[in-house]
Amino acid sequence: MVYMALMSAMNADSSQQSFLFMLCFGLGTIPLLFLFSFLGNFSRSFKISFSKWIPVLYFLLGIWFILRGANLDIPYLSPLIHIDGAINCA
């Protein structure tokens with residue numbers, strides 16, 4: 001998940017947005033890390049069932065990155081990126 005967050009941060013418009021993205025990612029993972037560290041001692045079946053969903057989450061993130069790179073002009077999913085000198089097919 002960290003590598004996916006790093007790729008998302010590299011996809012940001014500026015270094016400040018990349019920094020803020022990684023900062024929010026780090027702050028967002030702190031509560032989950034504490035939760036998993038305490039639940040790990042009590043519920044091993046929760047960890048096993050959660051680990052079954054990780055490949056599905058990776059697959060969905062991969063599809064999302066492919067759609068973002070496809071430049072399809074879908075708001076929030078695949079925004080249109082204007083590149084100087086590129087041919088506009090629309």
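Keep in mind it's a predicted model, so treat the numbers as computed, not measured.
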Side chain to side chain contact (heavy atoms under 4.5 Å, CB included) between Met1 and Ile54, worked out: CA-CA 10 Å; Met1 295 304 251; Ile54 290 176; over 6 Å; no
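- In this structure, CG in Leu77 is found 10.5 Å from CD1 in Ile63, a value given to the nearest 0.5 Å.
- Note on Trp64 and Met7: separate hydrophobic clusters, where clusters join Ile, Leu, Val, Met, Phe, Trp and Tyr whose side-chain heavy atoms are under 4.5 Å apart, directly or indirectly.
- Residues meeting the side-chain contact (heavy atoms from CB on, under 4.5 Å) test with Met4, sequence neighbours left out: Leu61, Phe65.
- For the pair Leu72 and Ser78, the tightest heavy-atom approach, listed with the atom from each and the gap, is N-OG, 2.9 Å.
- Cluster membership for Tyr58 and Ile66, using ILVMFWY side-chain heavy atoms within less than 4.5 angstrom, is not shared.
- Side-chain atoms of Ser18 do not come within 3.5 Å of backbone N or O of Ala12 as any donor-acceptor pair.
- With side-chain heavy atoms closer than 4.5 Å counting as contact, directly or through intermediates, the hydrophobic cluster containing Val56 also holds Trp53, Leu60.
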Would you tabulate the side-chain donor-acceptor contacts of residues 27-36 under 3.5 Å, counting partners in other chains and residues two or more places apart, or write 'none'?
from, atom 1, to, atom 2, distance (Å)
Thr29, OG1, Phe25, O, 3.2
Thr29, OG1, Gly26, O, 2.9

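- Atom-to-atom distance recorded for Ser15:OG and Met10:CE is 13.5 Å, nearest 0.5 angstrom.
- Of all non-hydrogen atoms in Ala5 and Phe21, the two that sit nearest each other are O-CE2, 3.3 Å.
- Two residues are said to be in side-chain contact when any heavy atoms from C-beta on lie closer than 4.5 Å; Asn11 and Arg68 meet this criterion.
- Taken to the nearest 0.5 Å, the CG atom of Leu67 stands 6.0 Å off from the CD1 atom of Ile74.
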